[in-house]
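So you know, we letter chains A, B, ... as the sequences are listed, proteins then strands, and number each from 1.
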Number of protein chains: 2
Amino acid sequence: MELGPTKEKVVADLVYQRVIKALQNQIDAGKFSDLKLPNERILAEEFQVSRSSIKKALNSLIQRGVVFQKQGAGTFINPLYLKNRPMFDIAGDNVGVTDTFQRNGKRPDIKVIDFNVVPASPEVQESLFLEPGEFVYEIQRLRSFDDQPFMIEDGFVPIKLVPDLTKKNIAGSLYKYLHESRNIAVTRSFLTISADVSTANDQKLLNLKPVEPVGVMEGIFFMDRGTPIEFSHMRLHYKFMRYNTFTLLN
Amino acid sequence: MELGPTKEKVVADLVYQRVIKALQNQIDAGKFSDLKLPNERILAEEFQVSRSSIKKALNSLIQRGVVFQKQGAGTFINPLYLKNRPMFDIAGDNVGVTDTFQRNGKRPDIKVIDFNVVPASPEVQESLFLEPGEFVYEIQRLRSFDDQPFMIEDGFVPIKLVPDLTKKNIAGSLYKYLHESRNIAVTRSFLTISADVSTANDQKLLNLKPVEPVGVMEGIFFMDRGTPIEFSHMRLHYKFMRYNTFTLLN
DNA sequence: AATTAAAATTGGTACGTTCCTTTTGCGAAA
DNA sequence: TTTCGCAAAAGGAACGTACCAATTTTAATT
């Protein structure tokens, strides 16, 4: 699959990735009408790979909620997945809440309300694992869909991690900038989701009636090494907050 | 369910489970002060198990957000985990929302508001994967903490899956009943979390002022085989809805 | 001292084997 | 017909090997 000269980063040459995609396609195409997949040994035979690789691939599909397994019985497609596929596309896909909303071709407008460097408050300091007195960017933004503002975002980023941040970087996707220009990948998040009465400020910015509430998402995003990169507090127009989650009990 | 000598179901005789617990304890005890674990080969040597088993154990800790790995670098403890351990105990632990709230010794009061058998509405039918005309229990309950009602729960369970449900079973933990008496394990859930303006009914039952909102959790719980066992619609006092989630990006 | 290149470290992928445990299904017995 | 027990089917666990890829460390060079 060589297109360009050197880089290109072909992600698809891993066996288990290949199997995942193939199975996913077959499932989406309705190949297994009885909702049951062939057993692992057969799959290994069909794909001409080891059973271990099949296991690894299936494990990934399990985590996504596409299939589930039961010892002694087999591997089955989650009926919910077939019924409600679009939901599953979103489930769990929540890091970069900021970025998550770039869906359906609706490109969100981002308005920078405030952009400063301030000393970290105790809460921020604690959350970002900073020493007392360290400085952070405070980034306040208002996000909209087609002139409908839906989210007030208050984010804090340690300056030591991104010393050269500018208002221009902030106006777009912060994570895209971090990734493309600084090779920082944001790969984990810890979020708390709740609801709250809307404040006067919420009502003004989000165009809410006094009785209408906001959804609140607050959390920490961190990079590969586990270093927190952003503490974010988000207040959303209640009609626009929908958090989908697929959970394995265990 | 015979409690005799033979069964006992010792869950702990699995190698990787043993490793998970040991590592978890060592981490909690602060053994790795530099936040770095020994490499996989060393761990295998120390625990006298194969590297594969170490990998399996570490993988589990990764999913829980306790540690993370980076190729070429090593395995590191998530600093957030150490800082905020109690949060991680709750994260993702959301199936049986009904049951999740039995924490802190505060035993919640459950009041059965309504308990009937009704034909499944289109939405319920769709969600529970039923044929048109099938019947479901409709279970309406109000949950409280120490006289503070916090959740109105409207649940639907197919009668064919639990033909002998009674009001008595419903008054306690439904899932405990299913598990202990019917050997049905609820192991997966798909939830959508949002917020809404409180209705007059909400305000009355949850003791809310008109301006105060409710948190909404709606979703499907299913059992081992992927069969949906309950569709549940929950409206929570906004001060009591806190959903924690740890998410791996990718 | 700074830069660069090689080597060691460390996790990732893939395969294969062996044996165990849980379910399921079938056939024999009651 | 129903029940019971055994064989088969299917996933789970564990081990081990070999080699690959990203990162870090070390050494050599400039």
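The nearest whole Å value for the distance from the CZ atom in A/Phe68 to the C1' atom in D/dG12 is 17 Å. Per the geometry, CD belonging to B/Gln17 stands 13 Å off C1' belonging to D/dA14, to the nearest Å. Distance CG (A/Asp13) to C1' (C/dA14): 13 Å, rounded to an integer number of Å. Rounded to whole angstrom, the span from the CZ atom of A/Phe76 across to the C1' atom of C/dT22 amounts to 12 Å. Taking atom CD on B/Gln48 and atom P on D/dC15, their separation rounds to 10 Å, with Å as the unit. Whole-Å rounding puts the A/Arg18 CZ to C/dT13 P distance at 15 Å. For A/Leu43 and D/dA10, the CG to P distance is 11 Å, given to the nearest whole Å.
B/Phe68 and B/Phe76 have parallel rings, their planes meeting at less than 30° on a 0 to 90° scale where 60° marks the start of perpendicular.
In this structure B/Arg41 satisfies the side chain to side chain donor-acceptor pair (under 3.5 Å) test with no other residue, sequence neighbours excluded. Shown here are the ring-ring contact (aromatic ring centres under 6.0 Å, His included) partners of B/Phe115, two or more places apart in sequence or in another chain: B/Tyr137. A search for salt bridge (charged side-chain N to carboxylate O under 4.0 Å, His left out) contacts involving A/Glu134 returns A/Lys160, not counting sequence neighbours. The side chain to side chain contact (heavy atoms under 4.5 Å, CB included) search around B/Lys56 returns B/Tyr16, not counting sequence neighbours. With sequence neighbours excluded, no residue forms a side chain to side chain donor-acceptor pair (under 3.5 Å) with B/Ser33.
Across all strands, B/Ser53 comes closer than 4.0 Å only to sugar-phosphate atoms, never to a base (heavy-atom distances).
On a pure distance criterion of 3.5 Å, no polar donor-acceptor pair joins the side chain of B/Ser50 and the base of D/dG16.
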Task: Contact pattern, 5' to 3', of nucleotides 7-12 of chain C - B, S or - by protein heavy atom under 4.0 Å - done: --BBBB
